[in-house]
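As the structure is a prediction and not an experimental result, all values here were calculated from the model.
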Amino acid sequence: MCEADSLSLSLSPEERELIALLREEMGLPDDEAVLHMLVRQAAQRVAITCPSCGHYAKRTAEDEARCRSCLSVIKLVEGIWQVSG
Ligand SMILES: [Zn+2]
């Protein structure tokens, strides 16, 4: 009946209402698209794309991140994320 029901998440009625509001605000086609968007936006604050393997690397500091996939240490050098070892 609802697109969000295909997700393996238990959302409260209040959360579903908020997602519906966000869906309108963002102009997205369905609730699932809203969740995908929110996850990506939130991830940008805590992770970067690993330049070495393409997986997500969790930021450990303002200018440093560590990739759990290839174990690279990535550092922000002059505005560019670079594998440092
Ligand atoms: Zn990596």
#### Entry: Distance (rounded to the nearest 0.5 Å) between Asp31 CG and Leu18 CG
11.0 Å
## Note on the structure
For His55 and Ser69 the tightest heavy-atom approach is ND1-OG, 3.2 Å
### Message
Between Leu38 and Leu28, is there shared hydrophobic-cluster membership here, with clusters defined by ILVMFWY side-chain heavy atoms closer than 4.5 Å?
### Response
yes
### Arg59 side chain to Glu62 backbone, donor-acceptor under 3.5 Å
yes
### Message
Using a 6.0 Å cut-off, check whether atom CD of Glu17 has over 12 heavy atoms from anything other than its own residue.
### Response
no
### Task
Quick one: pull up OH in Tyr56 and OG1 in Thr49 and give me the separation to the nearest 0.5 Å.
4.5 Å
### Summary
CG (Leu11) and CG (Leu35) are apart, to the nearest 0.5 Å, by 6.5 Å
### Query
Are the side chains of Arg68 and Lys58 in touch, meaning some heavy atoms are under 4.5 Å apart?
yes
### Task
Assess whether atom CD of Glu25 is packed by more than 12 heavy atoms of other residues, nucleotides or ligands within 6.0 Å.
no
### Message
Please report the interatomic distance CZ(Arg66) to NZ(Lys75), rounded to the nearest 0.5 Å.
### Response
8.0 Å
### Side-chain touch Cys70/Cys50, heavy atoms, less than 4.5 angstrom
yes
